[in-house]
J.: 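Pasting a structure here, questions to come.
Lettering of chains follows the sequences in order, A, B, ..., and the numbering in each one begins at 1.
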Amino acid sequence: MGLLVLAAVAGLAAVERRGFLQAMLSRPVILGPLCGLALGDLGAGLLLGAVLELLFLGAVSLGASMALHETVATAAIAGGAALAGQRLGGQQVAVAALAVAVGLPLAIAGRLAEAAFDKGNQRLDERARRLLLAGDARGAMRCNLLGLAAPFALSALLAPLGAAAIGAAATLLLTAVPRLARPLELAFAAFAALACAAAARSLRTARAPFFFFGSAGTLLVILALGRLHR
Amino acid sequence: MIALVRVDNRLIHGQILETWLPALRARRVLVADDEAARSPLSRSALTLALPDDIPAEVVAVDAADWAAAAAAPVPVLVLFRDVEGLRRAIGRGLTPAIAPKVNVGNVHFGPGRRQITPSLFLKEEELLMLRDLAAAGFRVEARAVPGDSPTDVEEMGRRFQQARG
Amino acid sequence: MSLAPHTLARVFWRCLFLQAAWNPRGMQNLGFAYAIDPALRELYPDPAARQAALARHLGFFNSHPYMAAAIVGGAIHHEERVARGEEAADQPLTYKATLQGPLAAVGDGFFWTALRPAFGAAAALGALVLGWPALVAAVLLYNAVHLWLRFRLLRDGYLHGDEVVLDIRALCLPAWADRVRLTAAVLAGLAAALLVDRSAGGLAGGLLTAGAAVAGFYLLGRKAPLLPLAYAALLAGVAVGLLGGGS
């Protein structure tokens, strides 16, 4: 049941990402918590959504040059982490690291699929022209909406499959080798740090890295001082 | 100096601002295009997206002063709408010595055009023109943004042969 | 200006589907025709005339999906004059061809590389500090901004035609873009600090995180691909954990 909801959410998000609206609903920071919620673990979604948002902050498609598919990867990763977290009853961070490791390739798969769909849409274009010539203006215009079907189907299929795979893999591994939990937590820490570096690089303004590291450094010092004080 | 000569149907747009200007550290843009130079709407629209510190000039192809652009103290990005405009400029003083790098970015689909890259559709005579430019000493490549890997003229020819019409 | 308000409302709704059938040849061409169709239907009661008008709008089009609303509006402005016989039928097409590139540049530069990342970073920070209510607020605010702007652009394009360029220039989006990006950098930095503070326990964790951040920042600057770096970071973490940081 949860996976069906995830399929619907992921499919709609993939449509929202490019074909319709562009209202940020498909961005990791929003989609992650939604997918986590769909599978019963909002917390995992909030954490992964925030980290993946920073990782993919620079993922924008400009013209015909296409970005990684952050949406389908996020849906699978957040959904899978929520599944595994529920089964294991905790170990949120270790699970998150495994979810990321299994789910990230979907960002590339999604990009390749979108490129193929774009080519396929040329047939919709040709069909619209044919229908218009035949006098069916309404039918010709409906062709535009047909382009939404493939991205929806892809994401609605890949996200729950990926989430199920992540859920199974993480549950299996952490039950079989519990002492991997701590190394995996460190892996997530290193990954989160890389995501931060990617965010700092993604804002293409000369002074952006200084502002980024300035604010990050200041807050880290404040947090450390606060801990010492206590 | 002329940092790059680029052929792009859309002249100044997102790829130029977000990727090429920073990558080339270009501080000036020269648009050589008859249609844009003629239309007040076009001239005012083309400068809409540029930051205040990067001036742009929009001139007809035959009116461009290539020696002056080459002598500019800052890197200049030169934009043409199509390969034909570039060819005309080469007849009027644009040489490999002052503008060694030629990039073909976006040329949209049309009758008789075949796909070379996702954003580049060439006619046979354009391909031949680009081949001539390469033979004349220009370094010719096709790519949309600096992060893509470049495609040289031979590879363009191969892809043209493979692509169906 | 004669178009019925509900026709303009339908055009606005359809503008949201601009990229539904994006394709390498015509790019947003089908989406543009789809968006302008309700207006053409009202302007050209004769089916043959409407069909001809629709056919000319199936040509190449690509712009920023938000900013394109201004071009749809302006194209309707010109189509109205074509329908009244005041202009040649190629005027709407010249208008589209002239504005699509520049407005794409404005939109990419302001929305895709400044405002949306800023909202993303703010939402990430909010998610870590406040939880889901911060996300609801971010989504509502972002949507208010882009929907209001898209509606304004469509209306101004329709009412003002070529002068919509002046309306857009008055928004000073390129000048704002830099400030918004720096704000985004500060917000992303704060979110980064929280994440690092929470996930890195102990000395090994602290050193590992610092190392991953510095190495990642350097390598991304040298154009290293993102996903392989992500796996390198994950592996480094597991390795450190297995080799002694595991207690």
J.: State plainly whether the residues A:Asp136 and A:Arg130 are in salt-bridge range, i.e. N to O under 4.0 Å.
T.: no

J.: In terms of heavy-atom pairs under 4.5 Å, which option from A:Lys119, A:Arg201, A:Arg207 contacts chain C the most?
T.: A:Arg201

J.: So which part of C:Leu229 gets closer than 4.5 Å to some heavy atom of chain A, the side chain, the backbone, both or neither?
T.: both

J.: Using a 4.5 angstrom heavy-atom cutoff, name the option from C:Gly216, C:Ala233, C:Ala215 with the most pairs to chain A.
T.: C:Ala233

J.: So what's closer than 4.5 Å to chain C heavy atoms on A:Ala150: side chain, backbone, both or neither?
T.: neither

J.: So which part of A:Gln22 gets closer than 4.5 Å to some heavy atom of chain C, the side chain, the backbone, both or neither?
T.: both

J.: Which one of C:Leu147, C:Leu234, C:Asp37, C:Leu187 has the most heavy-atom pairs closer than 4.5 Å to chain A?
T.: C:Leu234

J.: Using 4.0 Å as the upper bound for N to carboxylate O, is an ion pair formed by A:Arg111 and A:Glu114?
T.: no

J.: Mind ranking C:Tyr142, C:Phe217, C:Trp132 by heavy-atom pairs under 4.5 Å with chain A and telling me who comes out on top?
T.: C:Phe217

J.: What distance separates C:Asn29 CG from C:Phe60 CZ, expressed to the nearest 0.5 Å?
T.: 8.5 Å

J.: Would C:Arg10 and C:Trp13 count as a cation-pi pair here, with the cationic atom under 6.0 angstrom from the ring centre and within 45° of the axis?
T.: no

J.: If you count every heavy atom of other residues, nucleotides or ligands that lies below 6.0 Å from C:Arg179 atom CZ, does the total exceed 12?
T.: yes

J.: Checking A:Leu42 against chain C: side chain, backbone, both or neither under 4.5 Å from a heavy atom?
T.: side chain

J.: What's the spacing between C:Leu182 CG and A:Leu203 CG if we round to 0.5 Å?
T.: 8.5 Å

J.: State whether the number of non-hydrogen atoms from other residues, nucleotides or ligands found under 6.0 Å of A:Arg127 atom CZ is greater than 12.
T.: no

J.: Relative to chain C, which segment of A:Arg179 carries a heavy atom at a distance below 4.5 Å: side chain, backbone, both, or neither?
T.: side chain

J.: Select one option (side chain, backbone, both, neither) describing which atoms of A:Glu126 are under 4.5 Å from chain C's heavy atoms.
T.: side chain

J.: Find the one option among C:Leu219, C:Leu227, C:Val139, C:Leu235 whose heavy-atom pairs under 4.5 Å with chain A are most numerous.
T.: C:Leu227

J.: With a 4.5 angstrom heavy-atom cut-off, could you sort out which part of C:Ala33 is near chain A: side chain, backbone, both or neither?
T.: both

J.: What part of A:Leu21 is in contact with chain C, defined as an atom under 4.5 angstrom from a non-hydrogen atom: side chain, backbone, both or neither?
T.: both

J.: Of the backbone (N, CA, C, O) and the side chain (C-beta and beyond), which part of A:Pro151 lies under 4.5 Å from a heavy atom of chain C, both, or neither?
T.: neither

J.: Is the distance between the ring centroids of C:Phe111 and C:His146 less than 6.0 Å?
T.: no

J.: Measure the spacing between SG of A:Cys143 and CZ of A:Arg129 and express it to the nearest 0.5 Å.
T.: 11.0 Å

J.: Is it the side chain or the backbone of A:Leu124 that comes within 4.5 Å of chain C heavy atoms, both, or neither?
T.: both

J.: Go through A:Leu54, A:Ile108, A:Leu145, A:Leu148 and name the one with the most non-hydrogen pairs under 4.5 angstrom from chain C.
T.: A:Leu145

J.: Given the options A:Phe188, A:Phe191, A:Phe56, which has more heavy-atom pairs under 4.5 Å with chain C than any of the others?
T.: A:Phe191

J.: Return the option, out of A:Leu55, A:Leu184, A:Val93, A:Leu25, with the maximum number of heavy-atom pairs under 4.5 Å with chain C.
T.: A:Leu55

J.: Side chain, backbone, both or neither: which part of C:Ala230 has a non-hydrogen atom closer than 4.5 Å to chain A?
T.: both

J.: Pick one of side chain, backbone, both or neither for A:Val15, based on which atoms fall under 4.5 Å of a heavy atom in chain C.
T.: neither

J.: Where on C:Tyr34 is there a heavy atom nearer than 4.5 Å to chain A: the side chain, the backbone, both, or neither?
T.: both

J.: Identify which of A:Ala101, A:Ala199, A:Ala200 forms the greatest number of heavy-atom pairs closer than 4.5 Å to chain C.
T.: A:Ala101

J.: Given heavy-atom pairs under 4.5 angstrom as the criterion, report whether the side chain, backbone, both or neither of A:Phe213 touches chain C.
T.: side chain

J.: If you count heavy-atom pairs under 4.5 Å between each of C:Gly31, C:Ala239, C:Ala121 and chain A, which one has the most?
T.: C:Gly31

J.: For a ring-ring contact (aromatic ring centres under 6.0 Å, His included) with C:Tyr66, tell me which candidate from C:Trp112, C:Phe151, C:Phe110 qualifies.
T.: C:Trp112

J.: Just so I understand: if I count every heavy-atom pair under 4.5 Å between each of A:Ala192, A:Ala115, A:Gly135, A:Gly58 and chain C, which residue has the most?
T.: A:Gly135

J.: Can you say whether C:Pro24 sits under 4.5 Å from chain A via the side chain, the backbone, both, or neither, judging by heavy atoms?
T.: both

J.: Going by an N to O cut-off under 4.0 Å, is there a salt bridge joining C:Glu79 and C:Arg56?
T.: yes

